[in-house]
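First the structure, in the form of structure tokens, and then the observations on it.
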Amino acid sequence: MKIASGIVLAALTVGLSAGTLSAEPLKTMGEVGSALQSCWGPPIGAAKGSITLQFSFKRDGTLIGQPKATSIRVDGDADQRNKLVQAATEAVQKCVPLTFAPKLADGMAGTVFTLQLASPKPQ
């Protein structure tokens, strides 16, 4: 996954619990990717597929606007596609605000990030 700024957002499958997210500020983009992936859960009965979202953060860890779907691949009908888009968008929204370490926050604001989420969720 490439990000417009050239930073790579790792879509790691190592999850962090909600308690861990608030306990320690995120220091790397890999940690940000892990935090976002930990919030993802495909809808029950979701078709196989993937969705790529783009979004930006403010320094305080909140989103600038809404996540935007830039690529959607679903083995299903329009209803399955809509459910996947909604679930992915909600997953990112429920993860914020994230807490960034000051050094990461300094380079974060306004950068466009790309995150791919899959259904079923990789183990």
Shortest non-hydrogen separation from K58 to M108 and the atoms involved: O-CG, 4.5 Å

Looking at every heavy atom in both S119 and P42, which two are closest together, and how far apart are they?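 Heavy atoms only, the tightest pair is OG-CB, 3.6 Å.
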
Report the residues that fulfil salt bridge (charged side-chain N to carboxylate O under 4.0 Å, His left out) with D106, sequence neighbours left out, ordered by chain and then residue number.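 Once residues adjacent in sequence are excluded, the partners of D106 under the salt bridge (charged side-chain N to carboxylate O under 4.0 Å, His left out) criterion are R59.
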
Check salt bridge (charged side-chain N to carboxylate O under 4.0 Å, His left out) between K27 and all other residues, then give those that pass, not counting sequence neighbours. E24

Can you give the donor-acceptor pairs under 3.5 Å from side chains of residues 61-74 to other protein atoms, not counting sequence neighbours?
{"unit_1": "T62", "atom_1": "OG1", "unit_2": "D60", "atom_2": "OD1", "d": "2.6"}
{"unit_1": "Q66", "atom_1": "OE1", "unit_2": "Q93", "atom_2": "NE2", "d": "2.1"}
{"unit_1": "T70", "atom_1": "OG1", "unit_2": "T52", "atom_2": "O", "d": "3.4"}

For the pair V92 and L53, evaluate side-chain contact (heavy atoms from CB on, under 4.5 Å) and give the outcome as yes or no after the intermediate values. CA-CA 9 Å; V92 171; L53 297 175; 3.8 Å; yes

With a 4.5 Å limit on heavy-atom distance, are the side chains of I51 and T89 in contact? no

Sequence neighbours left out, what passes side chain to side chain donor-acceptor pair (under 3.5 Å) with T28? Give chain and number order.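 By the side chain to side chain donor-acceptor pair (under 3.5 Å) rule, T28 matches no residue at all.
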
Please table the atom pairs, donor to acceptor, closer than 3.5 Å between any side-chain atom in residues 77-87 and protein atoms at least two apart or in another chain.
{"unit_1": "D77", "atom_1": "OD1", "unit_2": "D79", "atom_2": "N", "d": "3.2"}
{"unit_1": "D77", "atom_1": "OD1", "unit_2": "Q80", "atom_2": "N", "d": "2.9"}
{"unit_1": "D79", "atom_1": "OD2", "unit_2": "K83", "atom_2": "NZ", "d": "3.4"}
{"unit_1": "Q80", "atom_1": "OE1", "unit_2": "A47", "atom_2": "N", "d": "2.7"}
{"unit_1": "N82", "atom_1": "ND2", "unit_2": "A78", "atom_2": "O", "d": "3.3"}
{"unit_1": "Q86", "atom_1": "NE2", "unit_2": "E90", "atom_2": "OE2", "d": "2.9"}

Using the rule given for side-chain contact (heavy atoms from CB on, under 4.5 Å), can you reason through E31 versus L104, listing the C-alpha separation, both sets of side-chain angles and the distance that settles it, and then say yes or no? CA-CA 11 Å; E31 291 177 357; L104 183 61; over 6 Å; no

Any pair with a residue in residues 32-51 that passes salt bridge (Lys or Arg N to Asp or Glu O under 4.0 Å), sequence neighbours left out, goes on the list, sorted by first then second residue, please.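 Every candidate salt bridge (Lys or Arg N to Asp or Glu O under 4.0 Å) pair involving residues 32-51 fails, so no pair, neighbours aside, qualifies.
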
Applying ring pair (Phe, Tyr, Trp, His ring centres under 6.0 Å) as the test, list every pair that has at least one member in residues 64-98; sequence neighbours left out. none

So, using side chain to side chain contact (heavy atoms under 4.5 Å, CB included) as the criterion, who are the partners of K94 when residues are at least two apart? C39

For A91, side chain to side chain contact (heavy atoms under 4.5 Å, CB included) partners two or more places apart: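 Residues passing side chain to side chain contact (heavy atoms under 4.5 Å, CB included) with A91: W40.
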
Tell me, please, which residues at least two apart from F57 pass ring-ring contact (aromatic ring centres under 6.0 Å, His included). F55, F100, F113

Separation between CD (Q37) and CG (L117), nearest 0.5 Å, reads 5.0 Å

